[in-house]
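This report concerns only the one structure given below.
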Amino acid sequence: IVSTLEKVGVLDSFQISVVYENLYQLQISKTNFESAQELFEQSYYEDALFLYCSVSYADSNYSEALNKIDEIKEIITNETLSEVTDLENNNCFTDAMTLINNTIGLIGQNTELQSKYNQLSAKYLEYSIDEAENIFNNNKNYDGAISLITATIDILGEDPRLIAELEKY
């Protein structure tokens with residue numbers, strides 16, 4: 001079709017190159033959608049998400065790609081929350097918080113993940129204060145208590161309670 005339009009002079013060479021580029025991009029979009037579908041079926045959600053996000057709005061699969069993006073974001077959120085719960089149960093607060101930040105970086109802002117992050121921050125603060133007190137009370141280990149509080153400040157910032165605890169030791 002494009003060749004015919006060129007021969008009859010309907011399109012100039014620039015317009016033809018734009019048409020070719022658009023067709024090429026649409027072909028890539030369709031290939032990406034098909035690959036995303038395969039990856040999704042194999043539960044490679046992060047890779048599928050990347051490819052679904054590259055589907056062009058001009059692609060007839062665009063609407064389905066948007067639905068799959070939402071579905072994947074929900075799956076990844078649920079998987080993350082499950083992993084975070086396991087980490088939280090083992091008092092691995094910083095690992096859990098890092099996992100949430102990484103997931104938000106992948107899927108974008110998410111109120112459920114942000115809420116869990118805020119809960120973990122508060123729990124980590126309490127845990128660190130209690131642990132610092134235990135370290136100090138059991139061994140009179142000022143350095144250990146100070147080190148734990150300082151590490152918590154590095155992660156959570158200068159919370160007034162942490163500063164008060166640091167000054168206490």
Subject >> Euclidean distance, L166 CG relative to E158 CD, rounded to 0.5 Å >> reply: 9.5 Å

Original post:
Do E41 and Q37 have a side chain donor and acceptor closer than 3.5 Å?
Top reply: no

Subject >> Main-chain N/O of N78 paired with S82 side-chain donor or acceptor, under 3.5 Å >> reply: no

**OP:** Determine whether more than 12 heavy atoms belonging to other residues, nucleotides or ligands lie under 6.0 Å from atom CD of Q25.
**Re:** yes

**OP:** Please identify each residue that fulfils ring pair (Phe, Tyr, Trp, His ring centres under 6.0 Å) with Y117, with sequence neighbours left out.
**Re:** none

**OP:** List for me each residue that meets side chain to side chain contact (heavy atoms under 4.5 Å, CB included) alongside D143, sequence neighbours excluded, and say none if there are none.
**Re:** N141

**OP:** Flag yes if L51 and Y44 sit in one hydrophobic cluster, no otherwise; membership is Ile, Leu, Val, Met, Phe, Trp, Tyr, and two members link when side-chain heavy atoms are under 4.5 Å apart.
**Re:** yes

**OP:** Identify the heavy atoms of A132 and A145 that sit nearest to each other, and give their distance.
**Re:** O-CB, 3.6 Å

Subject >> Basic-acidic side-chain contact under 4.0 Å: E126, K123 >> reply: no

**OP:** Using the rule that two of Ile, Leu, Val, Met, Phe, Trp, Tyr join whenever any of their side-chain heavy atoms come within less than 4.5 Å, decide whether L49 and I28 are in one cluster.
**Re:** no

Original post:
Taking all non-hydrogen atoms of both residues, which atom of I107 and which atom of L113 are closest, and how far apart?
Top reply: CD1-CD1, 4.0 Å

Original post:
So how far is it from K168 NZ to R161 CZ, rounded to the nearest 0.5 Å?
Top reply: 10.5 Å

Subject >> Reported OH-to-NZ distance for the pair Y45 and K68, which is rounded to 0.5 angstrom >> reply: 9.0 Å

Original post:
Under a 4.5 Å side-chain heavy-atom rule over Ile, Leu, Val, Met, Phe, Trp and Tyr, are I163 and I146 clustered together?
Top reply: yes

Subject >> Atom pair CD1 (I155) and CG (L125), whose distance is rounded to the nearest 0.5 Å >> reply: 11.5 Å

Original post:
With a 3.5 Å cut-off and no angle check, do the side chains of S29 and S56 form a donor-acceptor pair?
Top reply: no

Subject >> Parallel, tilted or perpendicular, as decided by the 30° and 60° cut-offs, for the rings of Y57 and Y62 >> reply: perpendicular

**OP:** Given side chain to side chain contact (heavy atoms under 4.5 Å, CB included), test L106 with E46 step by step and report yes or no.
**Re:** CA-CA 8 Å; L106 175 68; E46 290 182 23; 3.3 Å; yes

Subject >> Atom pair SG/CG of C92 and L120 - distance to nearest 0.5 Å >> reply: 11.0 Å

Original post:
So how far is it from N134 CG to I129 CD1, rounded to the nearest 0.5 Å?
Top reply: 12.0 Å

**OP:** Determine the minimum heavy-atom distance between Y169 and Y142, stating which atoms define it.
**Re:** O-CD2, 3.5 Å

Subject >> For F40 against E71, the heavy-atom pair lying closest together >> reply: CZ-OE2, 3.2 Å

Subject >> Whether F33 and Y52 hold their rings parallel, tilted or perpendicular, with breakpoints at 30° and 60° >> reply: perpendicular

Subject >> Under the ring pair (Phe, Tyr, Trp, His ring centres under 6.0 Å) test, residues paired with F50 that sit two or more places apart >> reply: none

**OP:** Write down the atom of L162, the atom of I149, and the distance for their closest heavy-atom approach.
**Re:** O-CG2, 3.4 Å

Subject >> Validation row: L148, I135 side chains within 4.5 angstrom (heavy atoms) >> reply: yes

Subject >> Check: V55 main-chain N/O paired with N32 side-chain donor or acceptor under 3.5 Å >> reply: no

**OP:** Evaluate the side chain to side chain contact (heavy atoms under 4.5 Å, CB included) criterion for residues E79 and I75: first the C-alpha distance (whole Å), next the side-chain angles of each, then the deciding distance (0.1 Å), finally the verdict.
**Re:** CA-CA 6 Å; E79 288 178 351; I75 290 168; 3.7 Å; yes

Original post:
With V84, which of M97, Q119, K116 fulfils side-chain contact (heavy atoms from CB on, under 4.5 Å)?
Top reply: K116

